Number of protein chains: 2
Amino acid sequence: MNRREASKAETRRLVLEAARELFSQKGMQECTIRDIAGKAGVSPASVLVHYKSKTALLEEALVGDIRDALSGLIASIPAGAGLLDRLMHLSKGMLRFYDRDRDIYRALVRLTIFEPVTETPGMTKQSEEYVRFLSEMVEKDKASGVIRQNVDPMFAAASIFFFYLGALTMLFRMPEMSVETVADMLSSMTAQYLEGITQGRP
Amino acid sequence: MNRREASKAETRRLVLEAARELFSQKGMQECTIRDIAGKAGVSPASVLVHYKSKTALLEEALVGDIRDALSGLIASIPAGAGLLDRLMHLSKGMLRFYDRDRDIYRALVRLTIFEPVTETPGMTKQSEEYVRFLSEMVEKDKASGVIRQNVDPMFAAASIFFFYLGALTMLFRMPEMSVETVADMLSSMTAQYLEGITQGRP
DNA sequence: TCATCATGCTAAACTTGTTTACTGAATAAA
DNA sequence: TTTATTCAGTAAACAAGTTTAGCATGATGA
C-alpha cells in the first residue's frame with residue numbers, strides 16, 4: 001500500500017470511527033457532518049470524499065453490527081425446535097436488536113428501504129442474506145415433509161420476510177409500543193401463516 | 001367567516017393548488033418550497049405558515065387522490081368473486097395507482113411510513129381504513145364459512161396488508177420492475193397465505 | 001372613533017447536506 | 001534528478017428546508 005493510500009485509508013477509518021460514536025450518541029438528525037468532521041479532525045468536505053452522502057456513511061457505520069446480529073442469531077438457532085420457533089428466533093431477535101436503538105435504526109431503514117438497490121449495497125446485502133437463509137430453511141423443511149410440496153420456497157421466504165418488515169414498521173412507527181408486544185404479534189401472524197387460514201383444502 | 005379567515009383560507013388553497021401542480025410536474029426533490037411559493041404568489045415562509053413542513057404539504061397534496069383511489073376500488077369490488085380475487089382487486093388496484101407516478105408516491109411513503117402516527121394523520125388514516133376494510137372482509141368470509149373459525153380477523157387483515165406493503169416496497173425499490181410483475185407476485189403470495197403452507201393440519 | 005390586540009404574512013437569517021474550484025504533496029515518467 | 005501528473009484534502013460557495021423577529025392589517029372593545 002502506498003503512503004498516499006495508507007493515509008487515505010487512515011482518514012477513512014477516522015471518519016467512520018467518529019461517525020459511529022456520534023451517531024449512536026446523538027442520533028442521525030442531531031449529528032451533523034460538520035460534527036463528525038470535527039471529531040475526526042478533517043474538513044466537512046473530506047467526509048464526503050470518503051462516503052458519498054451522510055446516508056451512505058450511516059449505512060457503513062451501522063451495517064457491521066446488523067450483520068453480526070444476524071449471523072449471531074443464525075448461528076444460535078435451536079436445532080431441534082419447530083419451524084415457528086426457529087423463525088421467531090431470527091425475527092424476534094432482529095426486532096430486539098433494532099429496539100436497542102430505535103431512533104438510529106429507524107433513520108437508517110427510512111433512508112435506505114425505498115432507494116434503488118444500487119444505492120444501498122450494505123442494507124440490500126443484509127436483506128438478501130436474510131431472505132436467502134429463510135428460503136433455505138423452508139427448503140429443508142419441505143424436504144423433511146414439514147412443509148407441503150407445492151410451496152415455492154422463495155415466495156414463502158418473501159412472505160415471512162414481509163411479516164418481519166411489517167413488524168419492524170410498527171416498531172418504528174409506534175414509540176410507545178414495546179418490542180415484546182410487536183414480537184408477539186409477529187409470532188401470531190407467522191403462526192397463522194404457517195397454518196393457513198382457509199378451510200376445505202385437500 | 002371573517003375577512004381574515006377567508007383570506008387565510010384562500011392563501012392556503014393557493015399554496016395547495018400550486019403544490020399539487022408542481023409536485024406532479026417536477027417531483028418532490030426538484031420542486032422547492034420557493035418554487036411553490038412563487039407559483040402561489042406568496043412568500044416561502046408563508047407556505048410553512050399553512051403547512052408544518054414540506055412533507056406535510058406533500059401529504060396534503062396527495063392524500064385526496066389516494067383516498068379516492070381506495071374508495072373507488074372498494075366500491076368496485078366484484079361481488080360474487082372469490083376471496084383472493086376480491087383482495088387482489090384492492091391490492092393490485094392500489095399498486096397500479098401508485099405506479100402511475102412512482103417517484104412522487106415513493107417520496108411520500110418514504111417520508112411518512114416510519115414517522116410517528118401523529119405526524120402523518122392523512123396517510124395513517126388511509127392505512128387504517130384499508131386494514132379495517134380488509135378486516136371486515138375477513139370477518140364476513142369467516143361468517144360465511146370460507147375462512148376458518150379460529151382465525152383472528154385483525155391478524156389476517158394485518159397479514160394481507162403487510163404483503164401489500166412488501167409489494168409496494170419492491171415496486172418502489174426496483175424501478176425496472178413492472179407493476180404487473182409485482183402484482184402477480186403479490187397474488188401468488190397471498191394465495192399461498194390463504195392456502196397455508198404446512199402439512200398435517202386437522 | 002380610537003386604542004389595543006391578535007395574527008397572517010414576510011424578509012432575512014440560519015442550518016446543514018452537498019458541490020466546486022483549487023492546492024500541495026505524493027507518485028509516476030523522463 | 002527533474003518534470004509532469006494524479007489525487008487526497010480543503011475552503012468557500014451553494015441550495016433548500018426551516019426559524020425568527022417584525023410589520024401591517026384586520027378584529028375587538030371601550
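Every chain is numbered from 1, with letters handed out A, B, ... down the list of sequences. Here the structure is a predicted model, which is why all the values come from computation and not from measurement.
- Residues A:R96 and A:D99 are not paired through a salt bridge, judged by the lack of any N-O separation under 4.0 Å between the basic side chain and the carboxylate.
- Nearest heavy atom pair, residue A:L108 against residue A:I66, reads CD2-CD1, 3.7 Å.
- At whole-Å resolution of the value, NE2 in A:H50 and P in D:dA8 are 8 Å apart.
- Proximity note for A:A45 (side chain, C-beta onward) versus C:dT20, C:dT18, C:dA12: the nearest is C:dT20.
- Pairing each heavy atom of A:M28 with each of A:I104, the nearest pair is N-CD1, 3.5 Å.
- If you take OH of A:Y51 and P of D:dG9, they are 12 Å apart, rounded to a whole angstrom.
- In this structure, a donor-acceptor pair under 3.5 Å is absent between the side chains of A:S187 and A:D184.
- A salt bridge links B:E10 to B:R13: at least one charged side-chain nitrogen sits closer than 4.0 Å to a carboxylate oxygen.
- Per the geometry, CD belonging to A:E5 stands 12 Å off P belonging to D:dG9, to the nearest Å.
- Residue pairs meeting the ring pair (Phe, Tyr, Trp, His ring centres under 6.0 Å) criterion with at least one partner in residues 35-92 of chain A, sequence neighbours excluded, are absent.
- Note on B:R4: a base of the nucleic acid sits closer than 4.0 angstrom, heavy atoms only.
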I'd like to know whether B:S46 forms a side-chain hydrogen bond (donor to acceptor under 3.5 Å, both in side chains) with B:S43, so could you lay out the CA-CA distance, the side-chain angles of the two residues, the decisive distance to 0.1 Å, and finally the verdict. CA-CA 5 Å; B:S46 200; B:S43 78; 4.6 Å; no

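- B:L186 approaches B:S91 most closely through the heavy-atom pair CD2-CB, 3.5 Å.
- Contacts between residues 24-43 of chain B and DNA chain C, defined by a heavy-atom separation below 4.0 Å, involve B:R34, B:V42, B:S43, listed by number.
- Within residues 6-14 of chain A, no residue approaches DNA chain C, by heavy-atom distance under 4.0 Å.
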